[in-house]
2 protein chains.
Amino acid sequence: MTTDVLVAGGGIGGLSAAYALATAGHEVRLLERSAEFGEVGAGLQLAPNATRILREWGLLDEVTQAGVLPRRLVLADAVSGDELVHADLTGGFQERYHAPYIVVHRSDLHRILVDACRRAGVRLETGRTVERVDSTEDTAFTYCADGTVFESRIAVAADGLTSKLRRAVADDEPICSGYVAYRGAIPLADMPTEVSLDDVIAWIGPRCHLVQYGLRRGEMVNQVAVFASPGFARGEIEWGGPQELEEAFASCSEHVRRSLSSLWRDRRWPMYDRLPVRDWVSGRLVLTGDAAHPMLQYLAQGACQAIEDAHTLAAEVAKTGDTPDWDTALAAFNAGRAPRTARVQRTARTWGDIWHIDGVGRLLRNELMTSLSDVYSHTDWLYA
Amino acid sequence: MTTDVLVAGGGIGGLSAAYALATAGHEVRLLERSAEFGEVGAGLQLAPNATRILREWGLLDEVTQAGVLPRRLVLADAVSGDELVHADLTGGFQERYHAPYIVVHRSDLHRILVDACRRAGVRLETGRTVERVDSTEDTAFTYCADGTVFESRIAVAADGLTSKLRRAVADDEPICSGYVAYRGAIPLADMPTEVSLDDVIAWIGPRCHLVQYGLRRGEMVNQVAVFASPGFARGEIEWGGPQELEEAFASCSEHVRRSLSSLWRDRRWPMYDRLPVRDWVSGRLVLTGDAAHPMLQYLAQGACQAIEDAHTLAAEVAKTGDTPDWDTALAAFNAGRAPRTARVQRTARTWGDIWHIDGVGRLLRNELMTSLSDVYSHTDWLYA
């Protein structure tokens, strides 16, 4: 029952960490709570800081084929319908960041990572709910709900926003933003409005926004509608339900309002994050991905940062030589990654506030965005 | 008891109208409610749209000698203390607008206008409270509280924010902004902080701001502190009192906070405006100045717009020939002026919202202002 690495959680972050460490020559076991591997959700954005890593891992072609390479990232005012600013994602952008911007179905990326882990020899186990990890000087003991105990040199917590393993380093709870997301990925032919498959477009409005882009070689359209729930603000237990959706976008353009009809109504995602914490390591346990730094999705960096975590963790282990010094590697990983993800977490909140601003703040934002001369000055820190 | 023109109100607007019409050859009587002419207040800003007119009237030299010609209009963040943007008021500015930017003590400008009216033969009467104006086809009958009735070809309402004569055209009431102003004009030597006499500087902060500039050849410093009253927001009858002042500026820089100590505490100015109205004429009565278009002071245009009114009214009367067609002149004055003052009223509100914005709105504003390349694009409509 002993491996070098035990990864708790089979989402995109956990699979990435398992893959990166397995291809570096370590024995890896990954435990997933569900009975089968799979991903709930719709589209996912992969910025160059993530696609550069996917290329290094040899997975970029597969991801590119499953996804779409949009030509523009667009911010538009959801009320007036006016475009505010865009980033051209073709030539100059790819040269600057040495990698493409890709949108892909969450389940496609997930499947590609599962297959890659299998090829790399990761022992994938489903139906295992990890409860806690204890460490001795050189061993992590991972306890599952079914009584099983696994031994490993390190345990990687990739158990997401509601991480149980995070309790080893912080006693905080997820923070509710009061916003809720509705998603939907449907065939292009079924869309009630015209959507440009060349664009990832965010229609940003007062306390609401709608993101639209193409998926699966343009056969599908992905949508995410996000709004501040009045029910949450009133302190109601049940909040963010479908009855709030239309009203939240009532001030928006006809295009935005008509697009809402194709969102899934049977499922919704209340939006949470946590405040940054500095320490992700407890003995031989290390937090990664949403377990370490859950963030609001306004920068579309949740998956990207988890992939960066996996890449950096494997690199820090490699730096310590053929016989890994796990403690040194975990400390270096923590020290290198925490400041960056803290910045992403905080900037995502601010970016959300900017998207959702009302009144004269909206006028100021629009004036600023339409007069922006250098888009790269706002993306270099994140994508470069 | 008959004159060509009767002006109701001896403030800056009424005196300006009386002077413009008297120097154009009309017999003018001006009625002031107070027992003596005088002005309560402190400093006053005169932008080129007003100083151009003062020059045409032959009063600019006198006003310049009483006032100060600042070199810069500055907006600075009241919290960080950082300068955000400035307009250079010297060479290029004066060439563009053909006139200077002047700051002057309100009572000095008032005295200059009273003297000018006397020289021009205006019959100045104090202690006369105008109650209402009735019109026949060619005569305005002005009724005073003491029973006196004056006849004139036209009556000019210059009775300010709380105008009684406005009732002839609108049944609205002044709208309270919930903000209150504290003022103070004190000798430079008594200032607790260092103030640049070259600048008109507005320290703008969340729900508050402080304006500072020199007066009387730099011997005095003028200050205006404005803030949103929490008492008003709570619906209290008494609000905006001195006990609210310090707290309202608690988040501001030390310079701003220390400067507050030299404000007068025994008097304050709750800030009101009204919504624009289109019609200022009823029979032979015409509204001017604050009676016609009271505005929040964020563009410092209250006196300037009243001076513009006076200039335009005299010009429209002159256009109708040696024997004035008063009805045509009033209609043309109304039609020409109302759209402009409506824009100033609305823009003043928006400008106030921009000054007082908080949160990410403040960050956006600061970013926008510090990156502003062409200040004139924001001042041409008002000053040109």
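A, B, ... follow the sequence lines: proteins, then strands. Residue 1 opens every chain.
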Engineer: Under the rule for salt bridge (charged side-chain N to carboxylate O under 4.0 Å, His left out), what residues qualify as partners of B/R340, not counting sequence neighbours?
Structural biologist: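 Scan of B/R340 (salt bridge (charged side-chain N to carboxylate O under 4.0 Å, His left out), adjacent residues dropped) gives B/E308.
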Engineer: Got a sec, which residues hit ring-ring contact (aromatic ring centres under 6.0 Å, His included) with B/H255, two or more places apart in sequence or on another chain?
Structural biologist: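 B/H255 satisfies ring-ring contact (aromatic ring centres under 6.0 Å, His included) with B/W203 once adjacent residues are dropped.
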Engineer: Please say whether more than 12 non-hydrogen atoms of neighbouring residues, nucleotides or ligands are located less than 6.0 Å from CZ in A/R72.
Structural biologist: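 Buried by this count: over 12 neighbours within 6.0 Å.
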Engineer: Please determine whether the number of non-hydrogen atoms from other residues, nucleotides or ligands lying under 6.0 Å from atom CZ of B/R257 exceeds 12.
Structural biologist: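 Yes - once you tally the heavy atoms of other residues, nucleotides and ligands closer than 6.0 Å, there are more than 12.
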Engineer: As an exercise, state the distance from CG of A/L364 to CG of B/N366, rounded to the nearest 0.5 Å.
Structural biologist: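 Between A/L364 CG and B/N366 CG, I get 9.5 Å after rounding to 0.5 Å.
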Engineer: What residues of residues 343-360 of chain B sit under 4.5 Å from chain A when you count only heavy atoms?
Structural biologist: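 Heavy-atom contacts from residues 343-360 of chain B to chain A are B/T350, B/D353, B/I354, B/I357, B/V360.
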Engineer: Measure A/S371 against the heavy atoms of chain B and call it side chain, backbone, both or neither at under 4.5 Å.
Structural biologist: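 Only the side chain of A/S371 comes within 4.5 Å of chain B.
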Engineer: Which members of residues 229-241 of chain A, sorted by number, sit under 4.5 angstrom from chain B on a heavy-atom basis?
Structural biologist: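 Counting heavy atoms that sit under 4.5 Å from chain B, no residue of residues 229-241 of chain A is involved.
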Engineer: How many angstroms lie between atom CD of A/E367 and atom CZ of B/R365, to the nearest 0.5 angstrom?
Structural biologist: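 Separation between the atoms: 15.0 Å.
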Engineer: Around B/R278, counting heavy atoms of other residues, nucleotides and ligands shown, do more than 12 lie under 6.0 Å from its CZ?
Structural biologist: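 Incorrect, the count does not exceed 12.
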